Amino acid sequence: MRYDLVIFDNDGVLVDSEPISNTILAGYLTELGHPTSYEDSLRDYMGAAVHRIHDLVMERTGNRLPDDFDETLHARVFAAFERELAAVDGVTEVLGKLVADSVPYCVASSGSHERIRVGHRKTGLDLWFQDGVVFSAQDVGRGKPAPDLFLHAAQRMGVAPERCVVVEDSPLGVQAALAAGMEVYGFTAMTSAEKLGGAKGYFGTMAELPALLA
């Protein structure tokens with residue numbers, strides 16, 4: 001293994017949450033008078049922290065979202081997670097190989113700690129990610145595409161950025177990894193390689209990832 005730390009994005013990489021959360025987000029924004037399709041939501045918000053939603057709505061309309069927007073959105077998403085969420089196919093095999101090879105790994109997500117934990121408990125991934133290897137945009141001042149979250153994760157894990165590799169599925173996440181001085185591999189299950197420009201390589205199934213990391 002040529003890397004000392006593997007940093008995983010969460011939504012869409014570890015848990016198959018993007019279709020669920022973006023369907024709910026698009027519906028909620030439309031309900032509030034900001035017409036948003038599922039495709040719009042993926043384009044504008046996939047991989048981003050929730051503050052980006054507030055920022056873009058204000059920039060585009062001059063209007064603020066309701067004070068309880070975050071709370072309502074999270075409640076709807078978490079309820080859907082409990083009904084529908086699954087781990088990304090093949091990800092536990094990847095994690096098992098990293099453990100077998102004694103390669104450290106962690107998760108660095110734009111989602112809140114609560115969102116990460118709800119998803120991991122539902123899918124059984126909490127067995128693979130203890131508290132010390134879970135990092136959220138809540139932990140830093142700026143979310144992706146800023147490099148802060150990935151740099152924070154590397155610092156906490158005691159690994160130099162140039163010895164880290166990031167596994168991402170969103171353009172914002174790829175931008176953040178590159179800005180942090182890290183190599184990144186793009187997961188193309190939902191996002192085309194063209195939209196993940198700058199990645200060192202691309203893979204469409206988790207079964208392909210170990211060979212890229214070796």
Side-chain angles (χ1 to χ4, degrees), residues 3 5-29 34-60 73 77 88-91 94 105-112 115-116 119 135-154 161-162 164-206 208-209 212-213:
Y3 302 106
L5 177 66
V6 180
I7 303 177
F8 291 94
D9 177 42
N10 188 58
D11 292 293
V13 171
L14 298 176
V15 295
D16 193 17
S17 54
E18 294 291 8
I20 298 171
S21 58
N22 281 282
T23 296
I24 291 171
L25 174 57
Y28 187 25
L29 287 173
H34 306 289
T36 305
S37 68
Y38 172 71
E39 291 74 20
D40 292 338
S41 185
L42 289 177
R43 181 194 66 224
D44 293 339
Y45 305 120
M46 182 174 171
V50 70
H51 68 76
R52 179 177 172 86
I53 307 170
H54 292 266
D55 293 344
L56 283 186
V57 169
M58 172 60 75
E59 177 184 315
R60 291 170 175 174
L73 176 65
V77 169
V88 169
D89 188 42
V91 77
V94 172
Y105 63 86
C106 66
V107 58
S109 172
S110 292
S112 66
R115 177 188 174 109
I116 298 167
F135 305 104
S136 161
Q138 287 181 311
D139 303 330
V140 296
R142 299 181 299 168
K144 305 170 189 177
D148 304 35
L149 176 56
F150 289 137
L151 291 173
H152 171 72
E162 62 270 19
C164 300
V165 63
V166 176
V167 182
E168 264 287 355
D169 72 329
S170 75
L172 293 176
V174 170
Q175 292 171 38
L178 294 175
M182 301 176 182
E183 292 189 348
V184 54
Y185 287 97
F187 185 33
T188 59
M190 284 190 60
T191 307
S192 68
E194 291 76 16
K195 293 182 179 178
L196 300 175
K200 184 175 179 64
Y202 305 93
F203 63 104
T205 68
M206 281 293 161
E208 302 168 58
L209 181 57
L212 295 175
L213 299 178

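In what follows, every heavy atom counts, from backbone to side chain, and hydrogens, waters and symmetry copies are set aside. In this text the structure is predicted, and so the values were computed from the model without any measurement.
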*asked:* Evaluate Asp9 against Val167 for side chain to side chain contact (heavy atoms under 4.5 Å, CB included), listing each step before the verdict.
replied: CA-CA 6 Å; Asp9 177 42; Val167 182; over 6 Å; no
*Apply side chain to side chain contact (heavy atoms under 4.5 Å, CB included) to the pair Asp89 and Thr205, showing each step before the final yes or no.*
CA-CA 8 Å; Asp89 188 42; Thr205 68; over 6 Å; no
*Could you give me the CA-CA distance, side-chain angles and deciding distance for Asp169 and Thr191, then say whether side chain to side chain donor-acceptor pair (under 3.5 Å) is met?*
CA-CA 6 Å; Asp169 72 329; Thr191 307; 5.2 Å; no
_Verdict with reasoning, Leu73 to Ile53, per side chain to side chain contact (heavy atoms under 4.5 Å, CB included)_ = CA-CA 11 Å; Leu73 176 65; Ile53 307 170; 4.2 Å; yes
*Might you work through the side chain to side chain contact (heavy atoms under 4.5 Å, CB included) test for Leu56 and Asp44, ending with a clear yes or no?*
CA-CA 8 Å; Leu56 283 186; Asp44 293 339; 4.0 Å; yes
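Ring centers of Phe203 and Phe187: under 6.0 Å apart, within the cut-off.
For the pair Leu25/Thr36, no side-chain contact is recorded, criterion being any heavy-atom separation below 4.5 Å from C-beta on. Residues Cys164 and Glu162 have side chains not in contact (no heavy-atom distance under 4.5 Å, counting atoms from C-beta outward). Val165 has its side chain out of reach of Val184: every pair of non-hydrogen atoms, C-beta onward, lies at least 4.5 Å apart. Annotation: side chain of Pro147 is in contact with side chain of Arg142 (closest heavy-atom distance under 4.5 Å). Here the side chains of Leu209 and Phe8 are in contact, with some heavy-atom distance below 4.5 Å. Residues Met182 and Ile7 form a side-chain contact, since some pair of their non-hydrogen atoms from C-beta on lies under 4.5 Å apart. The shortest side-chain heavy-atom distance between Met206 and Val88 falls under the 4.5 Å cut-off. Contact of the Phe135 side chain with the Ser109 side chain is not registered, since no non-hydrogen atoms from C-beta on lie closer than 4.5 Å.
Across all non-hydrogen atoms, the minimal contact from Pro161 to Leu151 is CG-CD2, 3.8 Å.
Separation of atoms CG (Asn10) and OG (Ser17) is listed at 6.0 Å; rounding is to 0.5 Å. In this structure, CG in Leu212 is found 11.0 Å from CD in Glu183, a value given to the nearest 0.5 Å. Distance check, rounded to the nearest 0.5 Å: CD of Glu194 to OH of Tyr202 gives 8.0 Å.
For Asp55, there are no salt bridge (charged side-chain N to carboxylate O under 4.0 Å, His left out) partners, not counting sequence neighbours. Listed by chain and residue number, nothing satisfies the salt bridge (charged side-chain N to carboxylate O under 4.0 Å, His left out) test with Lys195 (two or more places apart in sequence, or in another chain). In terms of the side chain to side chain donor-acceptor pair (under 3.5 Å) criterion, residue partners of Ser21 (sequence neighbours excluded) are, by chain and number, Arg115.
In this structure a side-chain-to-backbone donor-acceptor pair under 3.5 Å is present from Ser136 to Gly111. A donor-acceptor pair is defined here as one N or O able to donate and one able to accept, closer than 3.5 Å; such a pair exists between the side chain of Ser110 and the backbone of Gly47. Judged purely by atom type and a 3.5 angstrom limit, Ser37 uses its side chain to pair as donor or acceptor with the backbone of Asp40.
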